[in-house]
There are 2 protein chains.
Amino acid sequence: MNIGEASTNSGLPAKTIRYYEDIGLISPDRTDNGYRDFSETHMHKLAFLSRARGLGFTIEDCRTLLSLYEDTDRASADVKAMARGHLDKMTHKIQELKAMQATLSELVNKCHGDDRPDCPILQGLAGENTAKGIL
Amino acid sequence: MNIGEASTNSGLPAKTIRYYEDIGLISPDRTDNGYRDFSETHMHKLAFLSRARGLGFTIEDCRTLLSLYEDTDRASADVKAMARGHLDKMTHKIQELKAMQATLSELVNKCHGDDRPDCPILQGLAGENTAKGIL
DNA sequence: GTAGGGCTTCCAGTCACTGGAAGGTCAAGG
DNA sequence: CCTTGACCTTCCAGTGACTGGAAGCCCTAC
């Protein structure tokens, strides 16, 4: 299977697949003409990578996960620890975003949004928040 | 005020302030010895930038916001539209992260996490999800 | 005069791709 | 046999928003 088909089947752009080879995540065979040739095993790995990336794991996490996946002697505790670490980061990120969202929407609600220059959003950003300091 | 003090007062790393000058967000004066010299006005801008970045606005958003801030003829509607656009992106991002979080925590909960190799997390990533397809 | 801390510039690296140029390969149609 | 077009190859550069580090100047204190 050449890269176009591999791309279609895995949902990963061809560029991304080449990049994954570049950084050593996969090493597809080559046909005589130099084209990459993806076996079923490689397709499984691409699908694995696509899912892991889709869950927000970093490339280095994916490298580790792939090696755990291929290591039949792994301890599931190792995988679980990684996943939990990643979950913690996600939870933290969500909290952060929610805090930003809350602050900004408060400012947005205060802004009448017409053609006059008076703007509580800019005032908030400038630190002129006369009410309770939300920033 | 030189860059060290400006950094302390604004909470922005000196490197970041230099970077902001590089990309034309601020243009502090220079003293005879070549050191940057930050006026009160510049410090206000740095504080503004720090808050805007803290709310997740991109650098280009910040550039626009700063110019609106300095334009006393602005329409608050323009600011509000930007802020709303940004809020939408944040909301979207939060949804995305929550979806990842939900999927991954489901897998984590299924994983016993001991020294045996059997691991629902890896199985899920590999697409061997025998239950309802959560991935 | 020398030690330290702070300042300057410039270059390179981060992360995970993504775009584009220049060129080789292959199957179909004329 | 030639061309056309879709595919593939490699390599280089750019993204966003910094961040780290090297090499060297400036200023103050001892």
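The analysis underlying the following values was restricted to heavy atoms, covering all of them including side chains, and did not include hydrogens, waters or symmetry mates. Bear in mind that the values here come from a model prediction, so they are computed numbers and not experimental data. Throughout, protein chains are lettered first and strands after them, A, B, ... in sequence-line order, and every chain is numbered starting at 1.
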OP1 or OP2 of [N] sitting under 4.0 Å from any side-chain N/O of [X]?
| X | N | answer |
| --- | --- | --- |
| Arg36(B) | dT9(C) | yes |
| Arg18(B) | dC7(C) | no |
| Thr16(A) | dT18(C) | yes |
| Tyr35(A) | dC26(C) | no |

Over how many whole Å does the gap from [X] atom [atom1] to [N] atom [atom2] extend?
| X | N | atom1 | atom2 | answer |
| --- | --- | --- | --- | --- |
| Asn2(B) | dG5(C) | CG | P | 16 Å |
| Glu5(B) | dG5(C) | CD | C1' | 15 Å |
| Phe57(B) | dG16(D) | CZ | C1' | 17 Å |
| Ile26(A) | dC17(C) | CD1 | P | 12 Å |
| Met1(B) | dG6(C) | CE | C1' | 16 Å |
| Asp37(B) | dG6(C) | CG | P | 18 Å |
| Ile17(A) | dT18(C) | CD1 | P | 12 Å |
| Glu21(A) | dC8(D) | CD | P | 14 Å |

Practice task
Output yes when Arg116(B) and Asp114(B) qualify as a salt bridge under the 4.0 Å nitrogen-oxygen rule, no when they do not.
Solution key: yes
Fill in the blank from the handout: Partner of Lys45(B) under salt bridge (charged side-chain N to carboxylate O under 4.0 Å, His left out), picked from Glu70(B), Glu21(B), Glu40(B), is Glu70(B)
Practice task
Verify the distance criterion only: is there a donor paired with an acceptor across the side chains of Thr41(B) and His44(B) at less than 3.5 Å?
Solution key: no
Practice task
Using only heavy-atom distances, determine whether the side chains of Asp29(B) and His42(B) contain a donor-acceptor pair under 3.5 Å.
Solution key: no
Handout entry: Arg63(A) atom CZ, over 12 foreign heavy atoms within 6.0 Å
Key = yes
Exercise for the section: Please work out if Tyr20(A) contacts a base, only the sugar-phosphate, or nothing of the nucleic acid, heavy-atom cut-off 4.0 Å. Expected result: sugar-phosphate
Practice task
Determine the contact category for Ile23(B): base if any of its heavy atoms lies under 4.0 Å from a base atom, sugar-phosphate if only primed atoms, P, OP1 or OP2 are that close, otherwise nothing.
Solution key: nothing
Practice task
Using only heavy-atom distances, decide whether a donor-acceptor pair under 3.5 angstrom links the side-chain of Tyr19(B) to the base of dG16(D).
Solution key: no
Exercise for the section: For Asn33(A) and for Lys15(A), locate the closest nucleotide of DNA chain C by heavy-atom distance; then report the residue assigned to the nucleotide nearer the 5' terminus. Expected result: Lys15(A)
Practice task
Kindly point out which of dC8(D), dA16(C), dT18(C) is positioned nearest to the side chain of Arg53(A)?
Solution key: dA16(C)
Exercise for the section: Choose from dT8(C), dC18(D), dG24(C) the nucleotide whose nearest atom is closest to any side-chain atom of Ile59(B). Expected result: dC18(D)
